[in-house]
Amino acid sequence: MRSKILWTSNVTKSFGGVRALKGVSIRVDEGSITMMIGPNGSGKSTLINVISGIYKPDDGKVFFNGREITGLKPHEIFKLGLARTFQIPQPFTKLTVLENLLVAYPNNPGERFFGALRRGRWMKVEEEAVEKAFKILKLLKLDHLWDQQSYKLSGGQMKLLEVGRALMSDARLIMMDEPAAGVNPVLAHEIFKRFRELKDRLGVTFFLVEHRLEIALRYTDYVYAMANGLVVAEGVPERVMVNPQVVEAYLGG
Ligand SMILES: Nc1ncnc2c1ncn2[C@@H]1O[C@H](COP(=O)(O)OP(=O)(O)OP(=O)(O)O)[C@@H](O)[C@H]1O
Ligand SMILES: [Mg+2]
């Protein structure tokens with residue numbers, strides 16, 4: 001049996017009268033692609049936000065890599081190797097693909113480094129970082145775009161760049177909320193194929209929320225199905241998708 005890298009125990013979270021999470025316990029195995037599915041408003045994003053430290057749970061606990069992380073601040077959780085990707089912030093889209101990775105490098109000396117980047121002197125600053133960045137870009141098949149400004153990337157390439165930035169920061173687990181949203185089917189398949197390669201080559205773990213099941217499930221090791229703030233089914237995709245409660249949650253509502 002694989003070892004778990006992330007797990008929650010009975011997490012609850014309410015917003016005023018809305019009970020978004022009513023006691024959620026999940027476990028994500030190291031080196032897996034684990035997916036959370038469920039209808040709109042079932043609590044998926046709330047769980048991601050609790051795990052990444054954006055919301056404090058009302059009750060329950062979150063563990064990562066053997067230690068409790070409940071209530072830690074987002075940047076503290078990130079430093080432990082649990083990255084949640086957001087859209088690349090606006091100022092960074094003017095930077096090239098390579099520069100976007102370099103600024104995510106944990107040992108970058110901050111302001112000075114950023115200033116050097118702007119002046120195009122990054123090469124001298126961090127040879128080691130550049131080497132690491134190219135290794136990651138190759139895995140993502142973005143290396144040919146290294147000096148392209150990021151705003152010129154397609155939506156799908158931008159998602160991969162977000163993953164690249166997480167890998168550059170030495171993330172062991174990457175959480176993404178709907179990585180395939182708004183991406184054409186061909187590229188969506190490409191994204192999930194890259195995830196599988198990264199998992200196989202680097203042992204990195206993915207915990208994803210996704211609505212596009214027809215694309216995502218074939219790349220997934222394990223699925224949690226949520227409905228109304230609760231996990232209603234879990235298991236391998238073939239099993240979960242024929243579970244009566246899952247069928248009910250999707251079609252019955
Ligand atoms: N910040 C908030 N303030 C108030 N209510 C919230 C907040 N965030 C989420 N909720 C409510 O909590 C419930 C769960 O929302 P959540 O966003 O977690 O669902 P979801 O499964 O991610 O849905 P979707 O598939 O549409 O993204 C919903 O009823 C939502 O309206
Ligand atoms: Mg959501």
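Since this is a predicted model, take the numbers as computed values, not measurements.
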Drop me the distance from [X]'s [atom1] to [Y]'s [atom2], to the nearest 0.5 angstrom.
X      : Y      : atom1 : atom2 : value
Gln157 : Ser150 : CD    : OG    : 10.5 Å
Leu101 : Leu142 : CG    : CG    : 8.5 Å
Leu98  : Asp147 : CG    : CG    : 8.5 Å
Asn100 : Leu137 : CG    : CG    : 10.0 Å
Glu238 : Leu217 : CD    : CG    : 9.0 Å
Phe78  : Asp170 : CZ    : CG    : 9.5 Å

Looking only at heavy atoms, which two atoms of [X] and [Y] are closest? And how far apart?
X      : Y      : result
Pro39  : Ala249 : CG-O, 3.5 Å
Val103 : Arg165 : CG2-NH1, 3.5 Å
Met168 : Ala129 : CE-O, 3.2 Å
Leu102 : Ala133 : CD2-CB, 4.2 Å
Ser42  : Gly38  : OG-C, 3.6 Å
Val28  : Ser32  : CG1-OG, 3.9 Å

Mind checking whether [X] and [Y] sit in one hydrophobic cluster, side chains of I, L, V, M, F, W, Y counted as touching below 4.5 Å?
X      : Y      : answer
Leu230 : Val209 : no
Tyr151 : Leu153 : no
Leu140 : Phe134 : yes
Ile215 : Leu198 : yes
Trp7   : Leu80  : no

message: Go through it in stages, so that I can follow the logic: the residues are Leu82 and Met175, the test is side-chain contact (heavy atoms from CB on, under 4.5 Å), and I'd like the CA-CA distance, side-chain angles, deciding distance and then a yes or no.
response: CA-CA 8 Å; Leu82 201 172; Met175 287 201 295; 3.6 Å; yes
Donor-acceptor pair, side chain of [X] and main chain of [Y], under 3.5 angstrom:
X      : Y      : value
Thr8   : Ile26  : yes
Thr85  : Lys159 : no
Glu99  : Thr96  : yes
Lys13  : Arg19  : no
Thr70  : Val62  : yes
Arg212 : Ala180 : yes

query: How about Lys132: does its NZ atom have over 12 heavy atoms from other parts shown lying under 6.0 Å from it?
result: yes
So does [X] pair up with [Y], basic N to acidic O under 4.0 Å?
X      : Y      : value
Asp143 : Lys141 : no
Arg194 : Glu190 : yes
Lys22  : Asp59  : no

[Y] and [X], any side-chain heavy atoms less than 4.5 Å apart:
X      : Y      : value
Arg27  : Tyr222 : no
Ile48  : Ile51  : no
Glu248 : Asn243 : no
Val242 : Val247 : no
Glu162 : Ile174 : no
Thr34  : Asp29  : no
Leu173 : Phe64  : yes
Ile5   : Arg172 : yes

query: Taking only residues two or more places apart in sequence or in another chain, which ones pass salt bridge (charged side-chain N to carboxylate O under 4.0 Å, His left out) with Lys138?
result: none
- request: Go through the structure and list residues passing salt bridge (charged side-chain N to carboxylate O under 4.0 Å, His left out) with Asp221, not counting sequence neighbours.
  value: Arg196, Lys199
message: Are Tyr224 and Phe207 an aromatic pair, judged by ring center distance below 6.0 Å?
response: no
task: Show your working on side-chain contact (heavy atoms from CB on, under 4.5 Å) between Arg201 and Leu139 and close with a plain yes or no.
output: CA-CA 9 Å; Arg201 312 251 321 243; Leu139 285 171; 3.5 Å; yes
Residue pair Thr46, Phe15: steps toward the side-chain contact (heavy atoms from CB on, under 4.5 Å) verdict: CA-CA 10 Å; Thr46 304; Phe15 300 101; 3.8 Å; yes
- request: Apply side chain to side chain donor-acceptor pair (under 3.5 Å) to the pair Ser45 and Asp177, showing each step before the final yes or no.
  value: CA-CA 7 Å; Ser45 295; Asp177 203 344; 2.6 Å; yes
- request: Please report the C-alpha distance between Val223 and Arg239 in whole Å, then the side-chain angles of each, then the deciding distance to 0.1 Å, and finally whether the side-chain contact (heavy atoms from CB on, under 4.5 Å) criterion is met.
  value: CA-CA 9 Å; Val223 181; Arg239 294 279 296 275; over 6 Å; no
- request: Hey, can you tell me if Phe192 and Tyr219 have their rings parallel, tilted or perpendicular (30° and 60° cut-offs)?
  value: parallel
